[in-house]
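Since the structure comes first, as structure tokens, the remarks are kept for the end.
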Amino acid sequence: MRRAALLLALVVLLAACGGALATDELQGVVVDPPQPKPSFTLTDTSGDPYDFALATEGKAALLYFGYLNCPDICPVHLAQIAEVFDQVPDVARNTEVVFVSVDPQRDTPDAIREYLDKFDSSFVGLTGTLEELKAAQEAAGVPLAQYVGDGEDYTVDHAGWVIAFAPDGLNHAIYPFGVRQSAWLNDLQIIATQ
Amino acid sequence: MKKPTLILLVALVAASCGNGSAGVELSDARVSEPAGPNAAMYFKATSDEGDRLLSASTEEAAAVELHETQMTDGVMSMTSVDSLEVPAGGELVLEPGGFHLMLIDAEPFAEGSEIEVTLVWENAGEQTYSVEVVAPGDTMEHDH
Ligand SMILES: [Cu+2]
């Protein structure tokens, strides 16, 4: 009996060590085959250049394009991820959350920093010129943000999903709006710790 | 035969008035602590006779707009709507990813406090509600 249990444990361990991400257990929208990490450089909230591929090398990364005036779904994504960070320190240690503001006209680096600090001060905030942001969105394969309306009260149509990269440098899943907290908790642990 | 019908009608009208003129029941009202310049407010509303939300205001923001978030192939867009309908005997639901009240240039009210928001209904008229402030983004109904 004990031997069988030991054997089972060994099999489970071997399977886990197999290296492949257990994508069949992910509850997000699985990307099959996994896609390579995009390469782009923007500016972080301290004013320093941030090379996305280089800065997140060997870590899990969650990439999201949004804007500060959006009060509805952007904060929900960030709050859900921050809640997992609070619950599982291992995930927080091994995961870089990168929020790209696609509203450079209104979102100053200081405002982005203040915004992200409301969720988790480890979250990285990026900005750039419209050209640089366009290049980043194209590299990441998201539809380009559209600026709708005129005057100060324009809105920004933007991709509503979070792109998740594992430490292997590949995008294994995306997270559209409406993902349950339990799915975030499950998936971020798989993605960050394998 | 005509007279009793009229009396019955009058009685019915009187009864419905006696039920409190509000007519609209609000539940799960919550507003997010603003992370950026704006905040979003959500609630559920029911009404036996049906009603329509025409506008909203609060001292805690420069303006309040009625908004709808729409997802088209995963792309999120936000548009304003003229009014929000509570169907008779049904429910109007404001929630992240759907309808919300957008508090523009919101004051930095904090999680745990309450703010007063006035809603103007077509039938129920002007009603002021005390609304709980929740953490930024903590506006979804929890699944645990
Ligand atoms: Cu809005």
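Naming: A, B, ... by sequence-line order, numbering from 1 per chain.
- If you tally non-hydrogen atom pairs under 4.5 Å between each of B:Gly36, B:Pro136, B:Ala135 and chain A, the highest count goes to B:Pro136.
- Contacts of A:Gln146 with chain B are absent, with no heavy-atom separation under 4.5 Å from either backbone or side chain.
- Looking at B:Ala39, only its backbone comes within 4.5 Å of chain A, counting heavy atoms on both sides.
- In this structure, chain B has no heavy atom under 4.5 Å from any part of A:Pro176.
- Residues A:Phe99 and A:Tyr115 bring their aromatic ring centres within 6.0 Å.
- Heavy-atom pairs under 4.5 Å with chain B peak, among A:Pro71, A:Ala79, A:Ala82, at A:Pro71.
- We find that A:Asp103 and A:Arg106 are joined by a salt bridge, their nearest charged nitrogen and carboxylate oxygen being less than 4.0 Å apart.
- Neither the backbone nor the side chain of A:Val148 comes within contact range of chain B, judged by heavy atoms closer than 4.5 Å.
- Once rounded to the nearest 0.5 Å, the distance linking CG of A:Asp72 with OG1 of B:Thr139 reads 7.0 Å.
- Using a 4.0 Å cut-off between charged nitrogen and carboxylate oxygen, B:Glu132 and B:Arg30 do not count as a salt-bridge pair.
- Of the two parts of B:Met102, only the side chain, counted from C-beta on, holds a non-hydrogen atom closer than 4.5 Å to a non-hydrogen atom of chain A.
- When heavy atoms are compared at a cutoff of 4.5 Å, A:Leu78 does not approach chain B at all.
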